[in-house]
Each structure stands twice: as C-alpha cells, then as structure tokens.
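Note that the coordinates shown come from a computational prediction; the quantities given were computed from them, not determined experimentally. Worth knowing before you read on, the calculation uses all heavy atoms, side chains too, and leaves out hydrogens, waters and symmetry mates. Chain letters run A, B, ... following the sequence lines, proteins first, then strands; residues in each count from 1.
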Number of protein chains: 2
Amino acid sequence: MKKYYKSQPKHHVAVDCIIFGFDGVKLKLLVIKRDFQPGKGNWSLMGGFLQEDESIDQAAERVLEQLTGLKEVYLEQLYVYGNIDRDEADRVISVAYYALVDTQVFGEVNGHHHTGKWFDINERPDLIFDHNEMVEKALRRLRRKAKIQPVGFELLPSKFTLPTLMKLYEAIYQEKFDKRNFRKKMLSFGVINRLEQKDKTGSRKGAFLYEFDMEKYNGMLQNGARFVFS
Amino acid sequence: MKKYYKSQPKHHVAVDCIIFGFDGVKLKLLVIKRDFQPGKGNWSLMGGFLQEDESIDQAAERVLEQLTGLKEVYLEQLYVYGNIDRDEADRVISVAYYALVDTQVFGEVNGHHHTGKWFDINERPDLIFDHNEMVEKALRRLRRKAKIQPVGFELLPSKFTLPTLMKLYEAIYQEKFDKRNFRKKMLSFGVINRLEQKDKTGSRKGAFLYEFDMEKYNGMLQNGARFVFS
DNA sequence: TCAAAAGTGTTCAGCGTACACCCATGT
DNA sequence: ACATGGGTGTACGCTGAACACTTTTGA
C-alpha cells in the first residue's frame, strides 16, 4: 500500500505554539530564546518537528508539555504557514497552535524549565520568521472565540473573582467595560457559581469567588442558548 | 544552511479543496470520482500533493485550476488534518481549503474536465477518508463567514437579483428568511447597486439586477461599520 | 383576468449601553 | 474616619423579528 505516493515530495512539518497567559492584570505571551540554529539567541515561539508516530495535535501537545510541563490545557489549531522561504534554513511547513494557560499553574509546574519568558502582549519582543504574524492571528482568533465561547476561563485559576474576570476581558479586548453591565451579562449566562469564600487580596471588602460550571454550560447549549459576550 | 533539520522526518503534504457552488436554488458541492488508487472509484474532494517549489496557497490554487480551470476564485485555508491513519495508503498531512465559485462560470470553463460532479449539499455522497469531516467543517466556516463578510457574493454571477441573493442565504443557512427584513438589511449596508436591467427569467414582473460594489464595501469598513448579517 | 413572483412599512419586544451611589472593611 | 475597591438598578435607543397587501406582466 505504501507505494502509491512514492513519487511525491516530502516536507519538514513543524508545530509552533502561541501560548497566552493572564497574570491578573495583563495578557501575557510565553516565548523562548532559541538556543539552536538558525536564529540562535532570538526570541521565538515554542516549536518542534512533527514525528512519524504522532498526529499533529499530539505533536502540539508534546511540544507544549516538553517546554512548559503543562498537560491538558486549552489548545487549538490556528493556521498553517507554508511559504517556501518562511524558515531561513530550509523549507518547513509550520502548523501554528494557540494555547491558553493559567500562569499560576505554569509558575508552579515550571521549575526546571527556564527557557521561557512571559511578556505583556503589548511589549512582546520581535520574533523570528513569521512568528509575529502567527501571534497576531492568534490574538484575533482569541478575541473572536472569547466572544462566543467561554474560553477566557482557561486563562484563570478555577476560582476567580468577577473583577478579575472583567480585567481579563479588558486585557483581551484592550478596552474598558462597565462594571454593572459586565456583571449582568456574565451572570445572565448562568454558567458561573458564586462560592462562599471571598478573595481579600484585592480590596479590604473582599470580592466573592466564582467558579465556572461546565455542566450548566453544556445544559445551556442544549437549550439552544449561546454564550455571546458583548 | 540546509543541514540543521537533516535529522528530522519529512512527510507527504497534500491539499484538498472543498468547492462550493450555487445554482440559483441549492448550495452545491463539487466532488470527483477518484481514478487512481487508493480509493479508486470512490467520491472524493479534489486534491493534490504539495510540491517543492510552491507555497501551500499556491498548491491549492494549482489544484483548483487543474481540475476546474478556475482561477482567482475565493479560496481560504480551512484546517489541517494530520492523523496518522487518515489516508489508507500512507501517511499524508492534508491542508483543506474551501472555495466559492459561481457555477455558471464553471459550467462554461469546464469543457474538457468531466471528472467533477456537482451535488446538492444535502445529497452529497459519502466521501473517502476524512473528507466528510472536512466538508462539514467547511460548511460551518462558510456559515460563520457569511454572517460577517459578504463572501456570499462569490457564489453568484456579478449581476444578481435580490430574490436570488436571498435564496443563496437560505441555502447556506437552510432556513427561510422574511423577504422584507432581508431586503431591508441587505440594502442597509449600502454595498450593492441596483442596475436598470431586470431579470425576467424568474417571474413575469421581473426582478431588478444588482451588483456588489467593492469600493463602497471598503469605504464602509473604513468608517468602522461592519457587514453583519442576521 | 388571473396566476406568480416582486416589491414595500410598521409595530413591538429585547438587548446593549450609559450612568451614580452605597457597602464592607482594614488601617 | 476614611480610603479603597466591591457591589447594585434604571432608563433609553436601536435593532431583529413578525406580519399582509399591492404591483407588474405574460399567458
């Protein structure tokens, strides 16, 4: 069976990961300083080559885990970049994925991996090859997605306050929202539960903690309702 | 420079095209009967292997032109399919593209290519490999896109009537729309111009022909306005 | 004259948006 | 007591959705 495509060319295929995080104030991007050629010493997205025994999704998960130690984070294919000269060294097709991670979890897990550095999304350094383009596309995708699906919660700890959630949305959209309207809208979906605890790190009064309720979200979808922000 | 990646595996990379058309009534899908192994005799999307000297976008354009004779049609990358066993014969990474073509133009251009066949989108045959999945994803994408960009016009001749345009939207969304609301909405964007001519093929009274005005559309975007259907 | 599709306005409800004050608490 | 962020309700305008009749013309 393997003979049919023998005459066809083969190509290097890589995955590159755009990793977004949120520190409670700013939207962050995790990049690495390349310690190999080409482009050694430059800032770059995390990436790796697709191997024979893994799907592309698996490759993305592997790359993410190898470099951050994180598993089971939100990871979505973004786009394929296939210009002939996009990589200086040789032709490489790159499949870009974007990931949403809670920076607090990453902080703990990180430990022995010091290659990565978080940058504020607006102060990120210039990246090699077409990686800037990838980041911009990922940002546009994140902004679109966050409007119609509760993906934002992936960037937060499992317990979070409404003011923090609002700051996240403000960081994603680079726009200020009205406190009352934001709460009304968010609570109207009925997919977050208020807990008894308060988080007092942000103020003297303290803000109630909430958690995302996946079951209620699924129920909501089955009722034909939709999560539509803004 | 070419040495850096020597140790990394290479893969077959293909493009597959989901080609949508509109015949004035139904949304159509163009598929081919494979005349080569594996899967010879089965229905399949049009595809081809990525060559060394072309970008992926170029490969998609080439495949589309080789099999339909069509150039400069709406073509957009959809998704990459990279499971190890997705192709029976050997591992092939497939980059799916979807295209929107005016079936009338294709009819003329077609001529010597008889490999393809148009199916109503709801009566399409089972396709090989993961091509069914690709078509479903393309449909979802088309539905999403058509809400926020005037891509629908790609499926129509340059001159079209409002009843036809409405039928197109009904075919895309598989849903009936109210004539008055549809016209009001469409005309409110101010991006189609009414011509003096009427098309009398659809009724005795005849319906005015319109054409899409790209300049007005661009102007509209610069004013911060948006094309948002429904 | 009639059949068949084209064309045309109004009303109502729901939603997004703007907007200002009191509350709880640690210092 | 006071400063700091947390929490709450209302009014208005716009837009999507529902809805029915007249017009044109070829047969």
- prompt: Parallel, tilted or perpendicular: which describes the rings of A/Tyr210 and A/Phe160, with under 30° parallel and over 60° perpendicular?
  reply: parallel
query: Is the NZ or CZ atom of A/Arg124 positioned over A/Phe119's six-membered ring, under 6.0 angstrom from the centre and within 45° of the axis?
result: no
- prompt: For the pair made of CZ in B/Arg226 and P in D/dG16, what is the distance, rounded to whole Å?
  reply: 15 Å
message: From NZ of B/Lys198 over to C1' of C/dA5, roughly how many Å is that when rounded to an integer?
response: 11 Å
- prompt: Would one find a side-chain N or O of B/Arg204 under 4.0 angstrom from OP1 or OP2 of D/dA27?
  reply: no
task: Would you kindly say whether B/Asp126 and B/Asn132 are connected by a side-chain donor-acceptor distance under 3.5 Å?
output: yes
task: Would you please indicate yes or no on a ring centroid separation below 6.0 angstrom for A/Tyr169 and A/Phe177?
output: no
message: Between P on C/dA6 and CZ on B/Phe160, what's the gap in Å once rounded to a whole number?
response: 15 Å
field: A/Phe189 CZ - C/dG16 P separation (whole Å)
entry: 8 Å
query: With no angle test and no hydrogens, is the base of C/dA20 tied to the side chain of A/Arg180 by a donor-acceptor pair under 3.5 Å?
result: yes
field: Polar side-chain contact A/Lys179-D/dG7 base: donor and acceptor under 3.5 Å
entry: yes
- line: Nearest-nucleotide check on DNA chain C, B/Arg194 vs A/Lys200; residue mapping nearer the 5' end is B/Arg194
task: Name the residue closer to the 5' end of DNA chain D, choosing between A/Leu187 and A/Gly202 according to the nucleotide with the nearest heavy atom.
output: A/Gly202
message: How many whole angstroms separate atom CG of A/Asp199 from atom C1' of C/dT25?
response: 14 Å
query: Does a side-chain N or O from B/Lys205 land closer than 4.0 Å to OP1 or OP2 of D/dG26, or not?
result: no
statement: Rounded to whole Å, CZ of B/Phe182 lies from P of C/dG7 at a distance of 12 Å
query: Which sits closer to the 5' end of DNA chain D, B/Asn181 or A/Asn181, going by the nucleotide each is nearest to?
result: A/Asn181
query: Are OP1 or OP2 of D/dG16 and a side-chain N or O of B/Lys185 less than 4.0 angstrom apart?
result: yes
query: Is a donor-acceptor contact shorter than 3.5 angstrom present between the side chain of A/Lys184 and the base of D/dT10?
result: yes
message: For B/Asn122 and B/Lys26, which I'm curious about, is there any donor-acceptor pair between the side chains at under 3.5 Å?
response: no
- prompt: Starting at OH of A/Tyr210 and ending at P of D/dG7, how long is that distance when rounded to a whole Å?
  reply: 6 Å
query: When the distance from CG of A/Asp178 to C1' of C/dC21 is rounded to whole Å, what number comes out?
result: 13 Å
